[in-house]
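Written out below as structure tokens is the structure these notes cover.
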Amino acid sequence: MLPKRVWLGIEWLLHLLLQVETSVPDRRALITGATGLLGRAVYKEFLENDWDTVGCGYKRARPKFEKVNLMDPGAVRQIIQDFKPHAVIHCAAERRPDVAENQPEYTSQLNVTTSGCIAKESAEIGAFLIYVSTNYVFDGSHPPYRENDTPNPLNLYGKTKLEGERVVLQNHPGAAVLRVPLLYGNVEKLEESSATSLFGKVQCHSTVACIDHWQQQYPTHVADVARVCRQLSERRIQDPAIHGVFHWSGNERMTKYEMACTMADVFNLPSNHLRPVTGRPAVGAARPQDVQLNCSRLERMGIGQRTPFRVGVQRCLWPYLLDKQWRQTVFH
Ligand SMILES: NC(=O)c1ccc[n+]([C@@H]2O[C@H](COP(=O)([O-])OP(=O)(O)OC[C@H]3O[C@@H](n4cnc5c(N)ncnc54)[C@H](OP(=O)(O)O)[C@@H]3O)[C@@H](O)[C@H]2O)c1
Ligand SMILES: *[C@@H]1O[C@H](CO)[C@@H](O)[C@H](O)[C@H]1NC(C)=O
Ligand SMILES: CC(=O)N[C@H]1CO[C@H](CO)[C@@H](O)[C@@H]1O
């Protein structure tokens, strides 16, 4: 028997050796939409966790990312053939329901045709693909929704995302579809997420703001979704049987009105100018009332994390706080 100290020494050496081994990234990830709200977080998550990571964008690509027009099948083929990724995380899409409603041609080309093309090219080189989809594929009449519940999208955005799911799984049966609800996180401007955009109204104390209190949402931090994408990709390397539809979501049910009140509370701002609107919204694309996602499939795999909404909004909104005095006393 060796003394305990010698064993500890051997263990330590092995630990060091393994670290050297794993510090050379031999896993490659391609992130589409890496300039977008979710893609930025996904890119960061893979990059910081030992993946050789390439992000692509379009209008905002340069200089950090590859500029690839995903509408061009030749360009899609070229980047996938050149980089030969092990995992492709497809975050590029047209996600604004009102734009999708008004520009259906454009939306379906980007959402459907492009996704099918990425799926075909990924399958050809044996890369795992995660297609990011939405809880809007459901109509909201019977929450919570499991992965195999029947979709019934109410608006064109949900319809094209659902078509995208189908064409992805047809062209790449080993792919994964990850459905997520309303996302928020570090934004380039407050309007980038419909959750963070509420902060403008919250800080404008002098103006009464009527805010939706009808639709139940589950605001989800992009860093949490990014973590799910990475963990799922790593699990897939060990277990090639992993594929199909997955759900991920925050677990705090809130209306936009409740999100706005929470933001006011987090930053100790007045909220008496915020007014709840309890009726179904009359304008814009049709929206389902409650599309809670049952996430137990990923939970059972031990995958996922959930940033509390108060913590998430404090982190991503404080740069937009107008009251510098308050910022100084609390953060410095
Ligand atoms: N945001 C949400 O609340 C939400 C909710 C549920 C599901 N999702 C899904 O999550 C995914 C990511 O959404 P997001 O909010 O991160 O979107 P986003 O911020 O609007 O980003 C869209 C991305 O798509 C890229 N893109 C657009 N047209 C392109 C083209 N022709 N070629 C190459 N790239 C192009 C954009 O690149 P450039 O800007 O560089 O042109 C950008 O990186 C989408 O699949 C969306 O459906 C989002
Ligand atoms: C989620 O679905 C699982 C079965 O897949 C079920 O056991 C569980 O009770 C469901 N959770 C909720 C909150 O409905
Ligand atoms: C709802 C919608 O726009 N559907 C279209 C999606 O794109 C395909 C082509 O890839 C069309 O055939 C669908 O009509």
Side-chain angles (χ1 to χ4, degrees), residues 30-43 55-73 75-76 79 89-97 99-100 103 106-107 109-115 117-118 130-138 142-149 153 155 157-165 168 177-189 191-197 217-223 225-226 228-229 245-251 253 256 287 291-301:
L30 179 70
I31 319 298
T32 74
T35 48
L37 176 66
L38 175 62
R40 294 194 300 269
V42 173
Y43 178 80
C56 47
Y58 190 49
K59 286 191 221 88
R60 290 174 284 174
R62 298 268 155 76
K64 190 174 173 188
F65 300 110
E66 298 289 316
K67 181 169 182 151
V68 179
N69 181 4
L70 296 174
M71 306 264 224
D72 171 2
V76 170
I79 188 144
I89 318 300
H90 180 30
C91 303
E94 181 49 71
R95 64 170 157 96
R96 294 158 293 176
V99 176
Q103 301 175 37
Y106 164 79
T107 304
Q109 204 185 344
L110 187 60
N111 288 1
V112 186
T113 318
T114 293
S115 303
C117 176
I118 290 172
I130 300 180
Y131 169 78
V132 181
S133 188
T134 167
N135 61 346
Y136 275 26
V137 299
F138 296 113
H142 294 93
Y145 290 94
R146 285 176 304 183
E147 285 81 356
N148 53 5
D149 286 336
N155 57 38
Y157 167 69
K159 281 181 190 137
T160 52
K161 292 299 287 185
L162 179 60
E163 270 185 76
E165 292 185 4
V168 160
V177 165
L178 178 62
R179 297 190 186 126
V180 297
L182 170 67
L183 302 176
Y184 76 99
N186 290 335
V187 284
E188 290 182 340
K189 50 184 192 300
E191 300 72 42
E192 204 182 1
S193 150
S194 60
T196 54
S197 68
Q217 312 219 46
Y218 301 81
T220 300
H221 200 290
V222 287
V225 177
V228 168
C229 290
V245 181
F246 296 87
H247 287 173
W248 191 255
S249 166
N251 56 7
R253 180 203 308 259
K256 289 235 171 84
R287 285 170 164 84
V291 265
Q292 182 179 12
L293 296 173
N294 179 330
C295 305
S296 63
R297 189 177 177 200
L298 283 171
E299 284 163 358
R300 278 200 306 269
M301 293 167 71

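Both ligands and their constituent atoms are indexed starting at 1 by order of listing. As a basis for the values below, the full set of heavy atoms in this structure was taken, side chains included, without hydrogen atoms, waters or symmetry mates.
At distances below 3.5 Å, at least one donor-acceptor pair connects side-chain atoms of R40 with backbone N or O atoms of N186. Looking at Q217, its side chain never comes within 3.5 Å of a backbone N or O of K256 through a donor-acceptor pair. Between the side chain of T220 and the backbone N or O of S249 there is no donor-acceptor pair closer than 3.5 Å. Checking side-chain atoms of T32 against main-chain N and O of A92 turns up a donor-acceptor pair under 3.5 Å. A donor-acceptor contact shorter than 3.5 Å links the side chain of K161 to the backbone of V132.
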**Study point:** C295 and W248: CA distance, side-chain angles, deciding distance, side-chain contact (heavy atoms from CB on, under 4.5 Å) verdict
**Key:** CA-CA 5 Å; C295 305; W248 191 255; 3.9 Å; yes

Point to revise | Derivation of the side-chain contact (heavy atoms from CB on, under 4.5 Å) call for E165 and V168 | key: CA-CA 5 Å; E165 292 185 4; V168 160; 5.9 Å; no

Check your understanding: Under the side-chain contact (heavy atoms from CB on, under 4.5 Å) criterion, do L37 and V187 qualify, and how do the steps go?
Key -> CA-CA 7 Å; L37 176 66; V187 284; 3.8 Å; yes

Check your understanding: Should Y136 and N155 be marked as a side-chain contact (heavy atoms from CB on, under 4.5 Å) after you check the CA-CA gap, both sets of side-chain angles, and the distance that decides it?
Key -> CA-CA 8 Å; Y136 275 26; N155 57 38; 3.7 Å; yes

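Ring pair Y145/F138 is parallel by interplanar angle, where below 30° counts as parallel and above 60° as perpendicular.
At a 4.0 Å heavy-atom cut-off, ligand 1 does not touch H90 at all. Neither the backbone nor the side chain of S194 comes within contact range of ligand 1; no heavy atom lies under 4.0 Å. Here S133 has backbone heavy atoms under 4.0 Å from ligand 1, and that is the only part of it that gets that close. At a 4.0 Å heavy-atom cut-off, ligand 1 does not touch Y131 at all.
The shell of residues lying under 4.0 angstrom from ligand 1, judged by heavy atoms, includes P181. Look at Y136 and you'll find every heavy atom at least 4.0 Å from all atoms of ligand 1.
Here is the list of ligand 1 atoms found below 4.0 Å of a heavy atom in T35: 36 (C), 37 (O), 38 (P), 39 (O), 40 (O), 42 (C), 43 (O). Near K59, meaning under 4.0 Å from one of its heavy atoms, ligand 1 places the atoms 38 (P), 40 (O), 41 (O). Of all atoms in ligand 1, listed by their number and element, those nearer than 4.0 Å to a heavy atom of V68 are 32 (N), 33 (C). Residue L37 approaches ligand 1 through these ligand atoms, each under 4.0 Å from one of its heavy atoms: 15 (O), 16 (O), 19 (O). Within ligand 1, the atoms closer than 4.0 Å to a non-hydrogen atom of M71 are 31 (N), numbered from 1 in the order shown. Residue V180 has at least one heavy-atom neighbour below 4.0 Å for each of these atoms of ligand 1: 6 (C), 7 (C). Near V132, meaning under 4.0 Å from any of its heavy atoms, are these atoms of ligand 1: 9 (C), 10 (O), 11 (C), 45 (O). Within ligand 1, the atoms closer than 4.0 Å to a non-hydrogen atom of G57 are 40 (O), numbered from 1 in the order shown.
Within 4.0 Å of ligand 2, protein heavy atoms come from P144, R146, N294, S296.
Close N/O approach between E192 and ligand 1 is not found [any backbone or side-chain N/O within under 3.5 Å]. The shortest N or O to N or O distance between L38 and ligand 1 is under 3.5 Å.
In terms of heavy atoms, A226 sits closest to A41 at CB-O, 3.5 Å. When all heavy atoms are compared, the tightest approach of P144 to D149 is O-OD2, 4.0 Å.
Across the listed options V137, N69, V187, N69 owns the non-hydrogen atom lying nearest to atom 31 (N) of ligand 1. Of the candidates T160, T32, L70, T220, L70 brings a heavy atom nearest to atom 32 (N) of ligand 1. Of all the listed residues (I89, L183, T134, V42), L183 holds the heavy atom that lies closest to atom 48 (C) of ligand 1.
In this structure, R60 pairs ionically with E192, as a charged nitrogen and a carboxylate oxygen lie closer than 4.0 Å.
A side chain to side chain contact (heavy atoms under 4.5 Å, CB included) with S296 is found for exactly one of L293, L298, N294, namely N294.
Taken from OH in Y157 to OG1 in T134, the straight-line distance is 4.0 Å, to the nearest 0.5 Å.
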